[in-house]
Structures are given as structure tokens and as C-alpha cells.
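Throughout, protein chains are lettered first and strands after them, A, B, ... in sequence-line order, and every chain is numbered starting at 1. In this text, all values refer to a predicted model and were calculated from it rather than measured experimentally.
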Number of protein chains: 2
Amino acid sequence: MPARSVAARTRSDSKLDEDAEALYGALSDFIRAYQFRDRDRTYCHGLSVTQCYALEGVIRGAPLTLNELASHLFLDKSTVSRVVDALVEKRLVVRTPHVEDRRAVQLQPTANGRRLHRRVANEVRQGHKKLLEDVPRQTRGALIELVRRLAHLAQRRAGKPSAECSQP
Amino acid sequence: MPARSVAARTRSDSKLDEDAEALYGALSDFIRAYQFRDRDRTYCHGLSVTQCYALEGVIRGAPLTLNELASHLFLDKSTVSRVVDALVEKRLVVRTPHVEDRRAVQLQPTANGRRLHRRVANEVRQGHKKLLEDVPRQTRGALIELVRRLAHLAQRRAGKPSAECSQP
DNA sequence: GACTATAGTTGGTGTACGCAACTATTGCAT
DNA sequence: ATGCAATAGTTGCGTACACCAACTATAGTC
């Protein structure tokens with residue numbers, strides 16, 4: 001490392017600190033507000049947010065097992081099992097026994113499930129269009145790219161959750 | 001509206017649709033992963049996520065009333081009342097009777113509260129630094145600005161939640 | 001002084017989540 | 001083959017957290 005580094009690193013680190021702080025502030029504002037929706041017990045068309053995510057996961061990944069869905073959703077398999085119960089109950093998803101591994105199930109959307117998801121996705125897209133309308137057209141691509149990067153990084157972090165946490 | 005508009009609008013709308021779709025995909029990936037943390041029953045230093053947000057809200061806004069905090073958190077005042085109970089229990093926040101309006105309370109962080117918040121904020125900042133490290137330095141400012149804008153827009157939307165939702 | 005409105009608390013209820021224990025399979029090793 | 005560890009999923013259970021509604025206490029208005 002070159003000689004310039006001490007002062008430079010200090011300066012650049014504190015800039016990074018600042019940026020991290022600012023990012024956190026903005027993200028937590030965003031999440032609090034964005035998630036506001038999530039606090040609605042019943043989301044759209046009688047689906048909770050988790051159910052929406054699960055349905056979407058099934059549609060995007062079908063056929064997939066319960067474990068796969070669980071890790072996609074970052075949820076415990078027991079939780080997902082019950083979420084799937086609800087979706088099955090609503091005739092949006094079917095649990096088929098897995099052909100090769102009789103312990104496993106295969107999750108598949110029903111026609112109903114696809115239809116409902118299309119409707120929900122449309123409404124959600126409307127919301128995001130409203131968000132994007134206020135973003136200058138040229139920067140939209142960059143914004144999306146950056147959010148993708150954030151998602152990617154957050155996913156990596158998700159693997160080891162409680163590393164930096166202590167209990168009272 | 002000029003004659004060009006039909007074809008042009010169609011094209012630009014479908015581009016906007018695409019962008020909205022992409023944004024939604026990226027955001028939901030991000031939120032699922034980011035929120036993973038939030039699913040930890042006990043977050044950092046014995047605080048739940050809601051408690052963290054509440055403590056932060058109190059520190060950023062002190063002195064503030066319970067109602068103010070509730071609307072900041074987009075939560076019901078009864079929920080916030082209990083969250084504050086927990087923070088008071090932990091000696092992180094004090095409820096002082098409001099000087100001018102004896103129905104209201106003033107929420108203030110204790111020295112302990114500030115200390116703990118500083119610790120938590122530091123750890124959280126570390127996480128966001130890791131996120132930012134992978135973002136090119138020149139685009140960090142833009143990213144933060146865009147997240148701020150998203151937050152702002154999401155906040156506006158938060159006001160009228162179930163407009164586009166129907167129940168089964 | 002009676003009224004309406006507001007701040008906050010408490011009781012009741014529903015739900016989401018994780019952990020642990022269980023069953024049913026699989027697949028490997030002897 | 002038979003036994004044993006590992007895995008997929010389900011279920012029981014406890015906890016946290018959210019809302020609504022009912023309540024108390026105070027404020028402001030006429």
C-alpha cells in the first residue's frame with residue numbers, strides 16, 4: 001500500500017462511513033414506508049404479503065420443493081409449509097408428490113394461481129410505475145441496476161445472520 | 001396532445017412497464033433478503049427490529065409524543081405504546097408527562113438508550129459499508145439519492161394503502 | 001358546565017414466525 | 001439385505017407483534 005494511504009484512507013473511510021449512514025437512513029425510511037403495506041393483514045385479493053411472495057416464488061421456480069421455496073424466501077420450512085397450506089386451501093397451488101424422492105413434494109401453481117398472480121403483479125407494477133414516473137428516464141436503468149446489486153449483496157449477507165449480535 | 005403520441009406513448013409505456021417490472025423484481029429480491037434479518041426474533045443487543053426503529057425514532061425526534069412516534073413508524077398507537085413500554089422497561093427511554101398537554105407524554109432517550117443506539121447504529125453501519133464497498137465510488141451518491149427518492153415516494157403511497165386492493 | 005375531540009393505555013384477538021419433535025423416506029456402509 | 005445417519009416435510013407450541021375497540025384523563029369549545 002502506498003504512502004498516501006494513511007490520511008487518504010482515513011478520509012475515504014469517514015466518507016464511506018457517511019455514505020453508509022446515509023444509505024441506512026434512506027433505506028430504513030424506505031423500508032418503514034414500503035413495508036407499511038405489509039402490515040395490512042390482508043394484502044391484495046386476500047393474500048398476505050408472504051403468500052404473495054410464495055406464490056410468485058412457486059410460479060417463477062415451478063416445479064420446486066418446499067425446501068427450495070423456503071430458502072428462496074429466507075423462511076423456516078415449517079413456516080413455508082403453513083404458507084403453502086394456505087395457498088393450497090385457496091386452490092392457487094398444488095402439492096404433488098415428488099416423482100423421484102417420495103419424501104419431497106413438488107409445488108405447482110394452478111391455473112387459478114397463475115391468473116391471480118397476474119392480477120396482483122399488474123397492480124404491483126402500477127405502484128412501481130408511479131414510483132418510477134418521478135425518476136428521470138435516463139437514470140431508471142441505473143437505479144434498477146443498483147437495486148439489483150443491493151439485493152445481491154443483501155442475499156449474501158443473509159447467510160450469516162447473527163454474527164454481529166449479542167444478547168442481553 | 002400531438003400526433004406522435006400514440007405510437008410513442010405505447011412504446012414508452014411498455015418500456016415503463018418493463019422498468020417497473022424490473023424494479024419490482026429487484027426490490028422484492030432485496031427486501032426478502034434484507035428483511036431476513038428482521039425475522040430474527042431478537043435483533044441486536046436484545047432489541048427487536050421494531051424496538052430498534054422506535055429507539056431510533058425517539059433519538060432522532062426527541063422530544064416527541066407517542067402519537068408522533070406512531071405515525072413515524074406507520075404503526076398503531078397501541079402497538080407503539082407497548083413498544084415504548086418495552087424500551088422503558090429496558091431503561092432506554094423515559095416517558096415524561098408533557099408540560100403543556102397533560103394528556104400527552106414526551107419520549108426521551110436515556111443515556112443508556114443513546115449509548116445502545118450508538119452501538120447498534122455502528123454495527124448496522126458496518127453492514128451497509130460492506131454493501132457500499134462493492135458499489136463504485138462515483139455512483140454511491142446517486143444510489144443514496146435514489147433510495148431517498150424511493151422512500152419519499154413510498155411514504156406518500158403509505159397514506160392510502162388499500163386503494164387498489166380487493167378482498168375475497 | 002356540558003359537549004366533543006384528542007392522547008394514551010389496556011384487553012381481546014388473530015397471525016406470523018421459529019424451534020423442536022416427529023414421521024417417512026433415502027442412501028450409504030457394512 | 002439391514003442398520004443408521006441424513007433429509008423432506010408436518011405438526012405442536014411458545015412468542016412477538018399487529019390491529020381494533022373500549023376505556024380514562026385531559027383539552028378545548030359553546
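The separation between Lys77(B) atom NZ and dA22(D) atom P is 13 Å, rounded to whole Å. When the P atom of dG9(D) is taken as reference, atom CD of Glu68(A) falls 8 Å away, rounded to whole Å. Following rounding to the nearest Å, Leu69(A) (CG) and dA8(D) (P) show an atom-to-atom distance of 14 Å. The CG-P distance, from Leu107(A) to dA8(D), rounds to 13 Å in whole Å. dC19(C) atom P lies 6 Å from atom CG of Asp76(A), rounded to whole Å. Atom CD in Glu89(A) sits about 15 Å away from atom C1' in dT15(C), given to the nearest Å. Computed from coordinates, the Gln51(A) CD to dT15(C) C1' distance equals 11 Å when rounded to whole Å. The nearest whole Å value for the distance from the CG atom in Leu64(A) to the P atom in dG9(D) is 9 Å.
Residues passing the salt bridge (charged side-chain N to carboxylate O under 4.0 Å, His left out) test with Glu68(B): none are found, sequence neighbours excluded.
With rounding to the nearest 0.5 angstrom, the CG atom of Asn112(B) is 10.5 Å from the CG atom of Leu55(B).
Across the interface with DNA chain D, nearest-nucleotide mapping of Gln106(A) and Arg82(A) shows Gln106(A) to be the residue nearer the 5′ end.
Each of dC17(C), dA20(C), dC17(D) was ranked by its minimum atom distance to the side chain of Ser78(A); first place goes to dA20(C). The Val105(B) side chain lies nearest to dG8(C) when the options are dG8(C), dA8(D), dA20(C). Distances were taken from every side-chain heavy atom of Ser81(A) (C-beta onward) to each of dC17(C), dT11(D), dG8(C); the shortest belongs to dT11(D). Closest to the side chain of Leu66(A), out of dG8(C), dT10(D), dA8(D), is dT10(D).
One N or O on the side chain of Ser28(B) and one on the backbone of Tyr24(B) form a donor-acceptor pair closer than 3.5 Å. In this structure, Thr110(A) contributes its side chain and Arg91(A) its backbone to a donor-acceptor pair below 3.5 Å.
Between Asn67(A) and dG9(D), a side-chain N or O to OP1/OP2 separation shorter than 4.0 Å is present. Dashed line: the shortest gap from a side-chain N or O of Thr79(B) to OP1 or OP2 of dC17(D) is not under 4.0 Å.
In the hydrophobic cluster analysis, where Ile, Leu, Val, Met, Phe, Trp and Tyr join through side-chain heavy atoms closer than 4.5 angstrom, Leu64(B) is grouped apart from Val94(B). A chain of hydrophobic side-chain contacts below 4.5 Å, direct or via other Ile, Leu, Val, Met, Phe, Trp or Tyr residues, connects Leu73(B) to Val49(A).
The shortest side-chain heavy-atom distance between Val105(A) and His98(A) does not fall under the 4.5 Å cut-off.
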List every contact pair, protein side and nucleotides 25-30 of chain D side both N or O, where the distance is under 3.5 Å.
from	atom 1	to	atom 2	distance (Å)
dA27(D)	OP1	Arg102(B)	N	3.0

